[in-house]
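Just so it is clear, the values below take in all heavy atoms, side chains as well, and ignore hydrogens, waters and symmetry mates. Position 1 is the first residue of the sequence; numbering continues from there.
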Amino acid sequence: MPRSVQHWPGGIPTCIQPHPDPDLSWDEIKEEVKGWLLFVQENWVTAANAGSSDENYELNHRRELVEKWASATHEFRDAYQSRAPVGLPGTEGPRKNDHIEGLRYPAESLERLYETSQPCETNGLICLAPIDEKHAENRARLVKFAILMYDYDIEVGHCLINGHIPLEATLNPSTTTDPLVEDYLPWADLETATFKSIFLTHTGKVLYLGNLGPYMMVDELGLESGRLTIVTFETNGDVRESVEIRPFNMKMPYLNAFENWSSFDSVKHCRGAYGHQNTPLDMDLPVVDLLCQAKEANQLPNSMELCDREQWTSDVELYAPGYLALEAEGRGGEYPLSSLVAPNSIGKITKQVMNRVLDPSFSHPRYSFVPLPPGRTL
């Protein structure tokens, strides 16, 4: 059964705040959170012992403990902190990473973590902007954004290899009405009180020690300007590093950040991530016009500049069959994302531009191609 969005009723309580210092060492973190871990161990009540059959019992119990610790008096928290060891006896088994020792929750408090987590995977483009029927403009721009993430150079495919449909993160309107990149970790980890990912300090503040990135995200401003954000976070939820990139420029940045696990500096300085290639776009233009405009401004990376309107029109029809007809009627936002073609189903299609560049008479100041041997075809 698909997981449902887990909104904290009324929004995340205001008493629950991020830790102000993102630069704690692992030893400092372990010392900061030891009282909290002891508190969880001594106050966790299993669903069986509570006599509860509520499928959200564990979620609500974790939230209850987080709020109680964050709103408690210093004297209350100090009583746990003063007698807590670093690394609770009887917690879950050993892990591979030494720095995790001392940061382990009691095993019973980790039950049903996945079942009560947010329904948003992290291996694709995460849309933070609302795209329901009240936000038709956002929806139209997201469809266009998704189409522009395919390959528009001399090959067919997708910039993200296989992650062709954006993932929607439906943020809690009681927590924020203007979702930004910085709102992602509170939504993904704090609203669901995801033990293993969040820890509370002896002052009642939150540290995020789960997946800190990189992520690919687009908020409402990103949809408007035609740029997603590759981002990593600090342990207090602040943005650590980020770079804004147009969707059709993502091939090399994606490979560097998510396949090769290169340094963030390498991601920011790879082909396709240069600043002059990623100035804001007018996402209300037709999708093919966006590509043509970027070409006219000399802002395209690699062999995209060898293509033209005719080729890109053919590409869009291949990747999003029927979209251009809807767009011409002003109904592009109605195009179902499920109709986007899966990259691995495209096969070995040869674009017309490839035939042109392999012609012996082809010439270009920055590109040269070796002609196929006599008798060989693509």
Side-chain angles (χ1 to χ4, degrees), residues 8 11-12 14 16-26 28-29 32 117-118 120-130 138 142 145 149 160 163 166-172 175-192 194 196-201 205-247 249-250 252-254 256-258 260-270 272-275 277-281:
W8 195 313
I12 298 171
T14 56
I16 305 173
Q17 295 293 322
H19 195 272
D21 185 3
D23 295 321
L24 299 176
S25 68
W26 283 112
E28 289 172 326
I29 289 173
E32 283 280 348
S117 64
Q118 301 289 22
C120 184
E121 306 302 330
T122 60
N123 59 348
L125 175 65
I126 300 169
C127 179
L128 301 174
N138 283 352
L142 180 62
F145 210 102
M149 295 201 77
L160 309 189
L167 309 163
E168 183 181 358
T170 306
L171 270 64
N172 191 340
T175 298
T176 176
T177 56
D178 183 24
L180 301 173
V181 167
E182 292 88 339
D183 295 312
Y184 178 75
L185 286 185
W187 175 79
D189 293 341
L190 181 53
E191 284 216 63
T192 55
T194 303
K196 280 190 174 179
S197 293
I198 64 163
F199 291 76
L200 275 72
T201 68
K205 307 302 182 183
V206 176
L207 288 171
Y208 296 93
L209 301 180
N211 183 3
L212 299 179
Y215 292 99
M216 292 175 287
M217 299 183 184
V218 61
D219 55 18
E220 193 161 354
L221 181 59
L223 289 179
E224 183 180 340
S225 67
R227 297 178 298 177
L228 63 86
T229 301
I230 300 180
V231 60
T232 62
F233 293 101
E234 301 280 10
T235 56
N236 67 351
D238 288 346
V239 170
R240 181 179 183 183
E241 295 177 295
S242 67
V243 58
E244 294 178 316
I245 301 177
R246 293 174 176 179
N249 289 346
M250 270 297 293
M252 291 308 299
Y254 173 81
N256 274 273
F258 299 94
N260 301 332
W261 296 100
S262 303
S263 68
F264 208 90
D265 190 62
S266 296
V267 175
K268 290 192 293 185
H269 294 93
C270 72
Y274 304 136
Q277 296 172 331
N278 293 288
T279 56
L281 296 168

Does Glu191 reach the main-chain N or O of Trp8 with its side chain, forming a donor-acceptor pair under 3.5 Å? yes

Within the distance-only criterion (no hydrogens, no angle test), does the side chain of Thr176 pair as donor or acceptor with the backbone N or O of Asn172 below 3.5 angstrom? no

Using 0.5 Å steps for rounding, measure from the NZ atom of Lys268 to the OG atom of Ser263. 9.0 Å

Mark yes or no for whether Thr229, through its side chain, and Val231, through its backbone, hold a donor-acceptor pair below 3.5 Å.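 The answer is no, because no donor-acceptor pair under 3.5 Å joins these two groups.
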
Do Lys205 and Glu32 have side chains that get closer than 4.5 Å, going by heavy atoms?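 They are not in side-chain contact.
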
Of all the heavy-atom pairs spanning Gly226 and Pro247, show the shortest one and how long it is. O-CD, 3.2 Å

Check whether any side-chain heavy atom of Asp183 sits under 4.5 Å from a side-chain heavy atom of Leu128, and report yes or no.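 Result no, sub-4.5 Å side-chain heavy-atom pair not found.
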
Check: Cys120 and Ile126 side chains under 4.5 Å, non-hydrogen atoms: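 Yes, at least one pair of side-chain atoms sits under 4.5 Å.
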
Do Leu171 and Thr177 touch side chain to side chain, with heavy atoms closer than 4.5 Å? no

Distance check, rounded to the nearest 0.5 Å: Leu228 atom CG versus Met149 atom CE?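 If I round to the nearest 0.5 Å, the distance is 5.0 Å.
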
When rounded to the nearest 0.5 Å, the distance separating CG of Leu221 from CD of Glu244 is 7.0 Å

Walk me through it: do Thr279 and Arg246 pass the test side chain to side chain donor-acceptor pair (under 3.5 Å)? CA-CA 8 Å; Thr279 56; Arg246 293 174 176 179; 2.9 Å; yes

CG (Leu190) and CD (Gln17) are apart, to the nearest 0.5 Å, by 9.5 Å

Please check if the side chain of Gln277 supplies one atom and the backbone of Gly272 the other of a donor-acceptor pair under 3.5 Å. yes

Do Leu160 and Met250 come within less than 4.5 Å of each other through their side chains, counting heavy atoms only? yes

Find the distance between OG1 (Thr232) and CZ (Arg240) and round it off to the nearest 0.5 Å. 6.0 Å

Set out, in order, the CA-CA distance, both residues' side-chain angles and the distance that settles side chain to side chain contact (heavy atoms under 4.5 Å, CB included) for Leu209 and Ile198, then state yes or no. CA-CA 6 Å; Leu209 301 180; Ile198 64 163; over 6 Å; no

Please list, chain by chain and in numerical order, all residues satisfying ring pair (Phe, Tyr, Trp, His ring centres under 6.0 Å) with Phe199, sequence neighbours excluded. Tyr105

Rounded to the nearest 0.5 Å, what separates atom CH2 in Trp261 from atom OG in Ser266? 14.0 Å

Are the side chains of Asn211 and Ser197 in contact, using a 4.5 Å heavy-atom criterion?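 Contact flag for Ser197/Asn211 side chains = no.
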
Could you tell me which non-hydrogen atom of Asn278 sits nearest to which non-hydrogen atom of Ala273, and how far apart they are? ND2-C, 3.4 Å

Is any side-chain heavy atom of Leu200 closer than 4.5 Å to a side-chain heavy atom of Leu207? no

Check Pro253 against Val267 and note the closest heavy-atom contact, atom names and distance. O-CG1, 4.2 Å

Smallest separation among heavy atoms of Leu223 and Phe145, with atom names: CD2-CD1, 4.0 Å

Can you see which heavy atom on Val218 is nearest to which on Arg227, and at what distance? CG2-O, 3.9 Å

Parallel, tilted or perpendicular, judged at 30° and 60°: which one describes the rings of Tyr184 and Trp187? tilted

Working note: Asp21 + Asn236, criterion side chain to side chain donor-acceptor pair (under 3.5 Å); need CA distance, chi angles, decisive distance, verdict. CA-CA 7 Å; Asp21 185 3; Asn236 67 351; over 6 Å; no

Starting from the C-alpha separation in whole Å, work towards a yes-or-no answer on side chain to side chain contact (heavy atoms under 4.5 Å, CB included) for Glu234 and Tyr208. CA-CA 8 Å; Glu234 301 280 10; Tyr208 296 93; over 6 Å; no

Side-chain contact, heavy-atom cut-off 4.5 Å: Asn256 with Phe264? no

Decide side chain to side chain contact (heavy atoms under 4.5 Å, CB included) for Leu185 and Leu212; before the verdict, give the C-alpha distance in whole Å, the side-chain angles of both, and the deciding distance to 0.1 Å. CA-CA 8 Å; Leu185 286 185; Leu212 299 179; 4.0 Å; yes

